[in-house]
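All values below were derived from every heavy atom in this structure, side-chain atoms included, with hydrogens, water molecules and symmetry-related copies excluded.
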Amino acid sequence: GSEAASEQGQEEEVEDRLKEHMDNLLDKSARARQVALQSLRLALSSKTLSEFLLERRLTLTDSLEKCLKKGKGEEQALAGTVLTLLCLQMGSGPEGDEVFRSLKPLLVSVLTDSTASPSARQSCATALGMCCYIAAADLE
């Protein structure tokens with residue numbers, strides 16, 4: 001009994017930290033956004049969070065969109081990586097396709113922007129390829 005309660009408490013603590021990181025993606029400070037993206041990258045690459053993300057995918061997608069649009073260099077690169085991990089977590093269903101379709105034009109835009117940093121362009125190229133492979137419903 002106490003083991004299950006302890007596990008439940010840890011799960012809630014993880015979710016609270018994730019919510020905080022998602023809130024920090026909207027911070028005015030670029031450094032705070034980068035730290036939040038790094039934390040999300042670590043969380044999404046180390047644990048399956050599809051249930052948690054399912055209800056928050058639109059919020060996270062909007063925040064990642066802002067990071068890709070307004071961010072520079074490192075922030076854009078991290079946002080591309082987090083987007084890739086989000087697509088992996090969402091899988092090949094309609095949710096993954098929805099995330100991919102909403103951010104595909106922005107990924108292509110950063111990828112083809114010659115003024116964007118090489119790391120941002122590389123990250124967006126990887127995100128575009130991985131998300132297309134995993135989540136795109138349209139075969140073309």
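With 3.5 Å as the limit, one finds a donor-acceptor pair spanning the side chains of S119 and S117. Side chain to side chain, T126 and Q122 meet the donor-acceptor criterion of an N or O pair below 3.5 Å.
Taking each heavy atom of A116 and R121 in turn, the nearest pair found is O-CD, 3.6 Å. Nearest heavy atoms, A43 versus L18: CB-CD2, 3.5 Å. Residues C87 and G96 come closest through the heavy atom pair SG-O, 4.5 Å. Closest approach of M22 to L60, counting heavy atoms only: CE-CB, 3.8 Å. What you find for F100 and C131 is that their closest heavy atoms are CD1-CB, 3.4 Å. Across all their heavy atoms, V110 and A120 have their closest contact at CG1-O, 4.2 Å.
In the hydrophobic clustering of ILVMFWY residues, with side-chain heavy atoms under 4.5 Å counting as a link, L85 and Y133 come out together. Connection of L26 to L40 is not established within any shared hydrophobic cluster, with ILVMFWY side chains joined at heavy-atom distances below 4.5 Å, either directly or through further cluster members. V14 is connected to V82 through a chain of hydrophobic side-chain contacts under 4.5 Å among Ile, Leu, Val, Met, Phe, Trp and Tyr, so both are in one cluster.
With hydrogens and angles ignored, the 3.5 Å screen pairs a side-chain donor or acceptor of S63 with a backbone N or O of T59.
Annotation: side chain of L68 is in contact with side chain of C124 (closest heavy-atom distance under 4.5 Å). Two residues are said to be in side-chain contact when any heavy atoms from C-beta on lie closer than 4.5 Å; Q89 and L54 fail this criterion. At least one side-chain heavy atom of C67 sits under 4.5 Å from a side-chain heavy atom of L25. Looking only at side-chain heavy atoms (C-beta outward), L44 and L53 come within less than 4.5 Å of each other. The shortest distance between side-chain heavy atoms of L64 and L37 falls below 4.5 Å.
Here K70 contributes atom NZ and Q76 contributes atom CD; the two are 12.5 Å apart, rounded to the nearest 0.5 Å. Taken to the nearest 0.5 Å, the CG atom of L42 stands 8.5 Å off from the NE2 atom of H21. Here the CG atom belonging to N24 is positioned 13.0 Å from the CZ atom belonging to R17, to the nearest 0.5 angstrom. Taken to the nearest 0.5 Å, the CD atom of E12 stands 8.5 Å off from the NZ atom of K19. Here the straight-line distance linking atom CE of M90 with atom CG of L49 works out to 9.0 Å at 0.5 Å rounding. Between S102 atom OG and L58 atom CG the span is 8.0 Å, to the nearest 0.5 Å.
Here salt bridge (Lys or Arg N to Asp or Glu O under 4.0 Å) pairs that include residues 31-45, with residues two or more places apart or in two chains, are R33-E75.
Shown here is M130, whose CE atom has no more than 12 heavy atoms of other residues, nucleotides or ligands within 6.0 Å.
Applying the side-chain contact (heavy atoms from CB on, under 4.5 Å) test to E11 and every residue at least two apart in sequence or in another chain returns E15, K47. Residues passing the side-chain contact (heavy atoms from CB on, under 4.5 Å) test with K69 are E65, L106, sequence neighbours excluded.
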- Task: Go through T61 and L86 one step at a time and tell me if the side chain to side chain contact (heavy atoms under 4.5 Å, CB included) criterion holds.
- Result: CA-CA 9 Å; T61 303; L86 177 62; 4.0 Å; yes
